[in-house]
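Working notes, beginning with the structure itself.
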2 protein chains.
Amino acid sequence: MNTRALGVPLALRLEAYTTLSEEERVRINRMARRSLREVPARRDIIREGEPPRSAFILLEGWACRYKTLPDGRRQMLALFIPGDVGDVHASILSQMDHSIGAITAVKVAEVSREELEQLMAEHPRVRQGLLRDELVTVAVQREWTLNVGQRTAYERISHFLCEIFFRLRAVGLTDGHSCDFPLTQGDIADATGLTAVHVNRTLQDLRREGVLELQGRKLSIPNLDALMGACSFNPNYLHLCEDREEPDGND
Amino acid sequence: MNTRALGVPLALRLEAYTTLSEEERVRINRMARRSLREVPARRDIIREGEPPRSAFILLEGWACRYKTLPDGRRQMLALFIPGDVGDVHASILSQMDHSIGAITAVKVAEVSREELEQLMAEHPRVRQGLLRDELVTVAVQREWTLNVGQRTAYERISHFLCEIFFRLRAVGLTDGHSCDFPLTQGDIADATGLTAVHVNRTLQDLRREGVLELQGRKLSIPNLDALMGACSFNPNYLHLCEDREEPDGND
DNA sequence: CGGGTAATTGACCCGGGTCAACAGCAGTGG
DNA sequence: CCACTGCTGTTGACCCGGGTCAATTACCCG
């Protein structure tokens, strides 16, 4: 498998947005290893109504934000893949307005806000990276609103898969044209605002057209251009190839 | 009407989240007045693809973020009412991944990021307020994803109207059980992922049931509890009554 | 081998979309 | 003052994408 993914991926992730020194990398790794928490698959990491615990870095596994309506309808709000950072500032608010759950078994580093603040104060580039990461997270949230609000089932699923593939690729978690894919069809349904039955049928369409292969926990996209075309995928909102400027002084 | 609303509402808005000194209020007002920009109704304030200009404070009128698909489908992503702040950090990214458009004629204060950074550095409570505001903005974005992803037309529209009313009320822009409402049914459709025709029909249902009155540019909610019940509205995500570090002086 | 989760299929239905016509009203210019 | 224009709201007829319900069929794992 991918050895880089087995290390602490935060540095890797930040380096999608900024450039780190060796010292910064070491510092981050130490911090992340100090406060490891393991959560089994399908268990909540934090629940709506609870006071926010701390910032977190997802080291291994996949997780998601979600929200549930009183009658049980459920919407996935965001997907976390290894390296994703979350809730750097969440502890400013007094309670969570949504939950975060593990999809697979998961290892998270939970870092207190103070600790993170200090790191950011001492290393402007880290602050820059985290800030950028937060902005991208919001941009993704907006794209999801667009996705469920305007696109057809076929487009939604294509778009969702495109995004995942691009994000995984950006942190080195793809292998050519394929990648791990631990989501069930029910998960895809929750993320796209569809039902599992319809996701199943739509996936069959996509398979039949040769746009993708999806079996077990493996996703393969033989023709990424075709998949992108199916939903007019425009990766600009992921802000993956931004110009970098040396942040001098304070953010 | 509400005289405070006619002044510069940023201070007011921030005071929904933190407590400001008189000096801070004055400072903010001066800053906001310095760089006024007026945009006529239905014109863009900034467009997807452009480099982010600066942070902005909406002083008068309503505006929205939106995104358009190649074939013209359009999704409203966020609604701005007077006092709303936006894009405090957006200039970190190199280009806008969505547009912002004026709904009514609008007055915005455009503030450079540097200026805002300095203000925040000198006044921690302002930073606190802005940070909190940003977190709430993201929370609202998540709620919109849930709204278009899981709720029925009837619930979506009720929820949308509830949110607007709560937000307006929080900045003193309601008058008893009614408020200004400059959105067209087409706007509501864009925001809720429905068509204007269906919005029309659903609004008629709501009117028939006596849950709301909506004519001209005026919204009236005779029975807010009923409207909230229609969509199980839970305002927690607006984080309006958070604990504050200091007790506030008045109001 | 048994139990549980995930994927698949079929039959049927409905919420909301589409298309098209029309009404109400504000603004604008003559 | 009215005719013209354009936007917004309203209505009707019809249709379809995707939901619902329920039964099977793989799998996976101990």
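We name chains A, B, ... by the order of the sequence lines, and we start the count at 1 in each one.
Ion pair Arg217(A)/Asp180(A) not flagged as a salt bridge, since none of the NZ, NE, NH1 or NH2 atoms sits closer than 4.0 Å to an Asp/Glu carboxylate oxygen. A salt bridge is absent between Asp97(B) and Arg65(B); no separation between the charged side-chain nitrogens and carboxylate oxygens falls under 4.0 Å.
Residue Thr202(B) is classed as having no contact, given no heavy-atom separation below 4.0 Å to the nucleic acid. Note on Leu194(B): only backbone sugar-phosphate atoms sit closer than 4.0 angstrom, heavy atoms only; bases stay farther off. Within the nucleic acid shown, Gly193(A) comes within 4.0 Å of sugar-phosphate atoms alone, with no base atom in reach, counting heavy atoms only.
In this entry the distance linking CD of Glu213(B) with P of dG9(D) reads 17 Å, nearest Å. The nearest whole Å value for the distance from the CD atom in Gln215(A) to the P atom in dT8(C) is 10 Å. In this structure, the CG atom of Leu203(B) is 15 Å from the C1' atom of dT11(D), given to the nearest Å. Taking atom CG of Leu206(B) as the reference point, atom P of dG9(D) lies 15 Å away to the nearest angstrom. Summarising the geometry, the separation between CD on Glu155(A) and C1' on dG17(D) is reported as 12 Å, rounded to the nearest angstrom. Rounded to an integer number of Å, the gap from Arg42(B) CZ to dA26(C) P is 17 Å. Atom CD1 in Ile188(A) sits about 16 Å away from atom C1' in dG18(D), given to the nearest Å. Here the C1' atom of nucleotide dT18(C) and the CG atom of Asp71(B) are 14 Å apart, to the nearest Å.
Across all their heavy atoms, Phe80(A) and Leu58(A) have their closest contact at O-CD2, 3.4 Å. Of all the heavy atoms in Asp44(A) and Val39(A), the pair that sits closest is O-CG1, 4.1 Å. Smallest separation of non-hydrogen atoms from Arg151(A) and Arg73(B): CA-NH1, 3.7 Å.
Between Asn200(A) and dT8(C) there is a side-chain N or O to OP1 or OP2 distance below 4.0 Å. Put simply, Arg217(A) has no side-chain N or O that comes within less than 4.0 Å of OP1 or OP2 on dC27(D). For Gln204(A), a side-chain nitrogen or oxygen approaches OP1 or OP2 of dT9(C) to under 4.0 Å.
Checked against ring pair (Phe, Tyr, Trp, His ring centres under 6.0 Å), Phe166(B) has the following partners two or more places apart in sequence or in another chain: Phe233(B).
For the helix from dC1(C)-dG30(D) to dG30(C)-dC1(D), the angle separating the two terminal helix axes comes to 50°, with each axis derived from five pairs and the value rounded to 10°.
Looking at the side chain of Arg201(B), the nearest of the listed nucleotides dG9(D), dC21(D), dT11(D) is dT11(D). With dA6(C), dC19(C), dT8(C) as the choices, the nucleotide that has an atom nearest any side-chain atom of Arg207(A) turns out to be dT8(C). In this structure, the nucleotide among dT8(D), dG16(C), dG9(D) sitting nearest to the side chain of Gln185(B) is dG9(D). Closest contact between the side chain of His198(A) and the listed nucleotides dG19(D), dC21(D), dG16(C) involves dG19(D).
Of the N and O atoms on the side chains of Trp144(A) and Glu163(A), at least one donor lies less than 3.5 Å from an acceptor on the other residue.
Nearest-nucleotide positions on DNA chain D for Tyr154(A) and Gly186(B) put Gly186(B) closer to the 5' end. Comparing Ala153(A) and Val197(A) along DNA chain D, the residue whose closest nucleotide (by nearest heavy atom) sits nearer the 5' end is Ala153(A).
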message: Between Arg167(B) and Ile81(B), does the side chain to side chain contact (heavy atoms under 4.5 Å, CB included) criterion hold? Intermediate values first, please.
response: CA-CA 8 Å; Arg167(B) 287 169 56 191; Ile81(B) 61 173; 3.8 Å; yes
